[in-house]
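This report concerns only the one structure given below.
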Amino acid sequence: MKITLQLAAAKLRAADNILVTAHINPDGDAIGSTLAMLQILRTMGKNVVAYIDDKIPKNFTVMPFAEEIRQPREDEKFSADLLVVLDTSPDRIGNVKNLTDAPILNIDHHITNSGDEGDLYVDANAAATCEIIFQLCKELDAEISKNVAVCLYTGLATDTGFFNYSNTRPSTLRAAADLVEAGVEPNLISEQVEIRSFRDIQILSAALQTTKLFYGGKVAGMFIDRELYKQVETTEGLIDLIRVIDGVEVAFLLTEKERDVCRVSMRSKGVEVSSIAKRLGGGGHVRAAGCTINKNLDTSKRLLIRTIGEFMIENGYLRPLDFENREEINLADMTFADE
Ligand code: 5GP
Ligand code: MN
């Protein structure tokens with residue numbers, strides 16, 4: 001059920017033992033909002049723990065209290081009276097789901113979150129869940145310490161591509177300004193988040209070589225197979241290198257993480273990639289979305305390219321002719337001319 005921010009604040013005030021979590025494959029916003037909530041609720045005198053069912057990427061371990069985020073063990077239980085789920089619907093929190101049966105308070109900025117499970121405060125116009133937590137602090141009369149500010153700023157910065165994407169709105173920049181006033185040093189956040197190993201930079205060339213254009217150059221894709229994936233520390237930011245290609249409306253990164261587990265990231269200049277991701281069991285935002293396809297790399301590739309093409313035709317971004325007669329793809333047997 002959808003609720004107001006005021007009611008969300010009231011539910012937090014009323015709880016004593018709170019478990020905070022966010023989505024698997026956590027990004028800066030998931031981790032930042034979790035760590036900000038952890039600190040804010042502790043300052044309010046609550047007993048709070050944070051769990052995320054994944055490793056915390058090294059670039060984000062610089063956020064204060066990151067070491068406190070636990071990964072649930074199998075059969076572990078935690079006695080909570082509220083489960084706070086951030087930056088996703090509760091179906092993407094992995095084994096954290098099994099830790100507790102506590103009622104769910106869900107706070108999110110994803111348009112694809114329907115609020116079927118638990119109480120949901122969703123603001124799809126907020127650039128990041130961290131922007132909502134910033135507003136929630138006002139609702140709770142909670143002071144924003146430097147440590148909280150660092151977490152919130154990191155979430156805002158990463159979900160907006162350092163305030164470049166179209167989700168950057170005046171209130172995002174006002175929040176960022178307040179956070180800088182609270183002690184955040186933007187250059188340090190950017191250095192820590194954007195740092196890459198020498199090896200990753202060397203491997204970049206191999207990753208970039210896999211880039212291909214489809215549908216007359218309106219779609220660009222990069223493919224990281226298991227071999228390449230094993231060698232890189234992070235794939236963060238790779239998609240930003242190809243979404244800038246002239247004429248490209250949809251860019252995607254297809255990563256084979258394990259056998260039959262392919263992660264998809266999509267970015268667009270306006271095509272609703274959230275709808276494309278939804279067709280493949282994922283979700284996200286209009287211009288940034290993702291999903292997981294549990295098939296091998298080749299099958300995932302065909303399925304993804306076809307789904308993107310079908311959606312673009314249905315919505316007038318591509319003419320059927322582009323789709324059927326492109327040299328890159330043949331609808332009849334789904335084989336690629338270049339393979
Ligand atoms: P990214 O490409 O950075 O992994 O994800 C882009 C956006 O889509 C993020 O806001 C992320 O939360 C959302 N997203 C990515 N993968 C999935 C998925 O499998 N399911 C859902 N519901 N959202 C996703
Ligand atoms: Mn987010």
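Order of listing sets the numbers, starting from 1, for every ligand and every atom in it. Heavy-atom basis, side chains included; hydrogens, waters and symmetry copies ignored.
Restricting Asp29 to its N/O/S atoms, the shortest distance to the Mn ion (ligand 2) is reached by OD2.
Outside the 6.0 Å centre-distance limit, the rings of Phe311 and Tyr215 are not counted as a close aromatic pair. Residues Phe134 and Tyr153 keep their aromatic ring centres 6.0 Å or farther apart.
Contact between Ile56 and Thr61 at its shortest, heavy atoms only, is O-CG2, 3.9 Å.
Inclusion of Asp87 in the first shell of the Mn ion (ligand 2) is supported: an N, O or S atom falls under 2.8 Å.
Ligand 1 places these atoms under 4.0 Å from at least one heavy atom of Ser265: 1 (P), 2 (O), 4 (O). Within the listing of ligand 1, atoms 8 (O), 13 (C), 23 (N) sit less than 4.0 angstrom from a heavy atom of Gly284. Close approach of ligand 1 to Arg263 is summarised as follows: ligand atoms under 4.0 Å from at least one heavy atom of the residue are 4 (O), 15 (C), 16 (N), 19 (O).
Closest to atom 9 (C) of ligand 1, if we only count protein heavy atoms, is His110 NE2, 3.8 Å. Counting only heavy atoms of the protein, atom 3 (O) of ligand 1 lies nearest to Arg267 NH2, 2.9 Å.
When Ala288, Gly283, Gly282, Gly281 are checked for heavy-atom proximity to atom 14 (N) of ligand 1, Gly283 turns out nearest. Which of Cys291, Ala289, Ala128 comes nearest to atom 8 (O) of ligand 1 through a heavy atom is settled by distance: it is Ala289.
Cation-pi geometry between Lys218 and Tyr317 is not met at under 6.0 angstrom from the ring centre and within 45 degrees of the axis.
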